[in-house]
2 protein chains.
Amino acid sequence: MNSIEITPRCPIRTTLELVGGKWKLLILFQLTNGPLRLSILRKSIPDISEKILIQELKTLVESDLVDRKNFGEVPPRVEYALTEKGRSALPLIEEMRKFAASYTA
Amino acid sequence: MNSIEITPRCPIRTTLELVGGKWKLLILFQLTNGPLRLSILRKSIPDISEKILIQELKTLVESDLVDRKNFGEVPPRVEYALTEKGRSALPLIEEMRKFAASYTA
DNA sequence: ATTCATACTTACAAAAAGGTTAGTACCATA
DNA sequence: TATGGTACTAACCTTTTTGTAAGTATGAAT
């Protein structure tokens with residue numbers, strides 16, 4: 001039953017590497033309802049700085065959790081969207097909501 | 001549907017404060033099957049240092065996710081166990097397992 | 001020529017997290 | 001008197017993460 005062994009590559013650690021940290025899940029969550037431009041994303045997460053947002057998006061793209069679409073226009077227009085893999089992180093967020101709710105209760 | 005608003009106290013952030021970071025979920029998970037002593041816990045998470053382990057356990061106890069039972073013996077004997085609230089974090093780990101599995105696939 | 005909008009970069013600084021090493025306390029037993 | 005076993009602490013340091021402030025590029029519109 002206790003079938004996760006704590007190793008350098010266990011599921012918990014894999015997940016933490018992909019979506020751990022202060023911002024990644026917040027960003028993924030904002031993309032739930034469809035693609036968003038950087039400027040919108042920034043407004044929806046009020047206290048993130050532009051630099052950090054871009055930086056986090058970059059690693060999410062590298063992890064194939066987020067897709068970046070550059071429209072090649074001027075002024076620049078770029079949209080970020082969840083990939084399939086990104087979508088598979090959403091149940092995690094739902095569990096966090098449940099956990100936080102039961103904890104607070 | 002997109003009903004989590006990103007605020008200083010949204011469920012995602014609450015959860016991250018409680019169980020975020022490199023070690024807390026690993027520790028909680030090790031306690032799934034019952035109370036463990038510090039020395040055992042340490043062996044089951046090979047690369048954690050004693051200081052960090054104690055430090056993390058302390059904050060988990062303060063958050064009421066883990067219960068600390070001191071038997072008052074010499075040499076010291078102390079057992080750590082999940083509380084009810086601690087148990088409610090286990091589904092989170094289960095989701096992480098699923099996420100990691102689908103990601104790796 | 002100047003300004004505007006947007007995505008992104010760079011250099012730097014501060015803060016948080018994580019880590020190492022060497023201790024302490026206690027009583028039992030040798 | 002010395003040693004051993006266990007949980008825990010303290011001083012110090014390194015690495016990682018996060019933040020701030022300023023600047024770049026582009027072409028259209030004024």
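This structure is a prediction, so every number in the text was calculated from the model and none was measured. In what follows, chains are A, B, ... by sequence order, proteins preceding strands, each numbered from 1.
In this structure, CD of Glu73(A) is placed 12 Å from C1' of dA5(C), rounded to the nearest angstrom. Separating the CD1 atom of Ile45(A) from the P atom of dT18(D) is a distance of 13 Å, rounded to the nearest angstrom. Atom NZ in Lys69(B) sits roughly 18 Å away from atom C1' in dT6(D) (whole-Å rounding). The separation between Leu38(A) atom CG and dA5(C) atom P is 16 Å, rounded to whole Å. Atom CZ in Arg42(B) sits about 15 Å away from atom P in dG5(D), given to the nearest Å. Spacing between atom NZ of Lys43(A) and atom C1' of dT6(C) amounts to 11 Å, rounded to whole angstrom units. Regarding Asn70(B), its CG atom lies at a distance of 13 Å from the P atom of dC27(C), rounded to whole Å.
The list of salt bridge (charged side-chain N to carboxylate O under 4.0 Å, His left out) pairs with a residue in residues 19-34 of chain A, not counting sequence neighbours, reads Lys24(A)-Glu56(A).
Taking side-chain N and O atoms only, Ser39(B) has no distance below 4.0 Å to OP1 or OP2 of dG5(D). Residue Arg37(A) has no polar side-chain atom (N or O) positioned under 4.0 Å from OP1 or OP2 of dT6(C).
No salt bridge links Asp47(B) with Arg42(B); every basic N to acidic carboxylate O contact stays at or beyond 4.0 Å. The existence of a salt bridge linking Arg87(B) and Glu84(B) is excluded, since no basic side-chain nitrogen approaches an acidic carboxylate oxygen closer than 4.0 Å.
When heavy atoms are screened at a 4.0 angstrom cut-off, Tyr80(A) is found touching the sugar-phosphate backbone but no base atom.
In this structure, the side chains of Arg37(A) and Val78(A) stay at 4.5 Å or more apart for every pair of heavy atoms.
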Going 5' to 3' through nucleotides 9-24 of chain C, assign each nucleotide B (protein heavy atom under 4.0 Å from a base atom), S (under 4.0 Å only from sugar-phosphate atoms) or - (no protein heavy atom that close). BBB------SBB----
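When distances are taken from the side chain of Val74(B) to each of dT6(C), dC27(C), dA7(D), the shortest belongs to dC27(C).
Map Leu57(A) and Pro75(A) each onto its nearest nucleotide of DNA chain C; the residue landing nearer the 5' end is Pro75(A).
Looking at every heavy atom in both residues, Lys85(B) comes nearest to Phe99(A) through O-CE1, 3.8 Å.
Between atom OG1 of residue Thr59(A) and atom CD1 of residue Ile27(A) there is a gap of 8.0 Å, rounded to the nearest 0.5 Å. To the nearest 0.5 angstrom, Leu36(B) atom CG is 11.5 Å from Lys43(B) atom NZ.
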